[in-house]
Asks: 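The structure's right below; bear with me while I get my questions together.
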Amino acid sequence: MFDRSGMIQHWAVLGDFLWMNLAILLADNLQASAGISGNDIPLKPYWILSNLCYIPCVSIFKVILHYRIVRSEVIVGRLFCTIGLHMVLFLSALSLIRIDEGFSSVYIACFYGAFAPLLFAWRLLLRHFLKVCRMRGRNICKVVLVGNGDNMVELDAVMKDVMYGYKVEGIFFRGEAEILSPAGKSYEAELARLKAWLPRHTVQELYCGLPSVCHKDVLALIRYCENNMIRFYSVPNVCNYGKQRLQLNVLGEVPVLSIRREPLRRPMNRLVKRSFDLVCSALFLVTLFSCIILC
């Protein structure tokens with residue numbers, strides 16, 4: 001099975017470097033045409049450092065526009081983080097190599113003023129191009145749905161949106177609750193139909209919503225998917241709990257779903273909160289508390 005997502009990521013990153021180098025030339029020509037002086041560093045160090053500093057940025061904030069379900073504001077937010085990190089690394093590198101002479105702030109402003117719009121436009125246009133291709137039947141992911149329940153019904157409805165690029169090739173175990181009883185004849189018939197159907201069709205992903213009582217058959221599906229290069233996804237029946245994004249944790253060997261990821265469980269967030277508390281307490285003691293004591 002050939003996955004084109006890696007190729008799309010590479011094209012996006014190559015385009016980023018192209019537009020960044022174009023922004024470097026635009027900033028240099030704009031500063032020269034305006035007759036603004038003060039840039040003591042030639043163009044070559046700007047060009048080399050800017051390209052080198054962008055490599056860790058795209059490695060940390062990876063390309064996500066190829067995801068089948070991703071909002072435009074998420075893409076833009078990640079690009080803001082990418083540009084912010086690049087600015088920090090770029091300015092730090094410039095300060096280190098020419099700390100005595102400095103660098104042109106006008107050039108930096110022109111560079112990022114040109115690079116940011118070009119980067120936003122490039123990524124969003126590429127995302128729109130992917131949507132158009134998927135609407136026309138290109139870059140399609142063929143899937144099969146196995147299971148019953150509200151989650152599987154809603155998943156089927158989501159995948160019918162042509163912009164996501166999914167094509168549901170088959171649906172199994174969809175019907176009354178009795179069909180999910182391993183002891184029933186309907187279950188055996190549906191399972192036999194699924195085993196006969198899979199070898200005759202090409203699918204890239206299988207979404208399984210069978211209950212835990214069918215664990216032997218689920219394990220057989222997992223082995224089949226692993227041996228035939230099919231991505232296997234387990235769909236838990238948690239639709240009635242709400243629409244919030246659940247977080248998967250593991251206690252020992254038992255998977256556990258939590259309703260949220262608490263921000264203060266991250267060390268960086270705890271550090272920021274503790275620093276904020278210390279700064280605010282110190283300011284209160286120096287200003288308002290002193291006035292209260294004196295009064």
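Just so it is clear, the structure is predicted and the values come from calculations on it, not from any experiment.
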Asks: How would you list, by chain and number, every residue that makes a side chain to side chain donor-acceptor pair (under 3.5 Å) with W122, sequence neighbours excluded?
Replies: D16
Asks: Please check: side-chain N/O of D156 versus main-chain N/O of M152, any donor-acceptor pairing under 3.5 Å?
Replies: no
Asks: Does F80 have its ring centroid less than 6.0 Å away from the ring centroid of F120?
Replies: yes
Asks: Mark yes or no for whether Q204, through its side chain, and K142, through its backbone, hold a donor-acceptor pair below 3.5 Å.
Replies: yes
Asks: Which residues pass the salt bridge (Lys or Arg N to Asp or Glu O under 4.0 Å) test with R270, sequence neighbours left out?
Replies: none
Asks: Could you tell me which residues satisfy ring-ring contact (aromatic ring centres under 6.0 Å, His included) with Y224, sequence neighbours excluded, listed by chain and number?
Replies: none
Asks: Got a list of side-chain donor-acceptor pairs under 3.5 Å for residues 128-138, not counting sequence neighbours?
Replies:
{"unit_1": "R134", "atom_1": "NE", "unit_2": "N139", "atom_2": "OD1", "d": "2.8"}
{"unit_1": "R134", "atom_1": "NH2", "unit_2": "H66", "atom_2": "O", "d": "3.1"}
{"unit_1": "R134", "atom_1": "NH2", "unit_2": "N139", "atom_2": "OD1", "d": "3.0"}

Asks: To which residues is F276 joined in a hydrophobic cluster, defined by side-chain heavy-atom contacts under 4.5 Å among Ile, Leu, Val, Met, Phe, Trp and Tyr, whether direct or through other members?
Replies: none
Asks: Holding to side chain to side chain donor-acceptor pair (under 3.5 Å), I want the full list of residues that pass it with R223, two or more places apart in sequence or in another chain.
Replies: none
Asks: Going by side chain to side chain donor-acceptor pair (under 3.5 Å), name the residues that satisfy it together with Y166, two or more places apart in sequence or in a different chain.
Replies: none
Asks: For Y112, check ring-ring contact (aromatic ring centres under 6.0 Å, His included) against everything at least two apart and list the hits.
Replies: H86
Asks: Tell me, please, which residues at least two apart from F232 pass ring-ring contact (aromatic ring centres under 6.0 Å, His included).
Replies: none
Asks: Just to verify, what does K273 make a salt bridge (Lys or Arg N to Asp or Glu O under 4.0 Å) with, not counting sequence neighbours?
Replies: D277
Asks: Give me the other members of the hydrophobic cluster that L89 sits in, counting Ile, Leu, Val, Met, Phe, Trp and Tyr linked by side-chain heavy atoms under 4.5 Å, directly or via other members.
Replies: I60, F61, L85
Asks: Is there a side-chain contact between D217 and L194 (heavy atoms, below 4.5 Å)?
Replies: no
Asks: Using salt bridge (Lys or Arg N to Asp or Glu O under 4.0 Å) as the criterion, list what pairs up with E169, not counting sequence neighbours.
Replies: K167
Asks: Quick check against the 3.5 Å criterion: does K62 have a side-chain atom that pairs as donor or acceptor with the backbone of S59?
Replies: yes
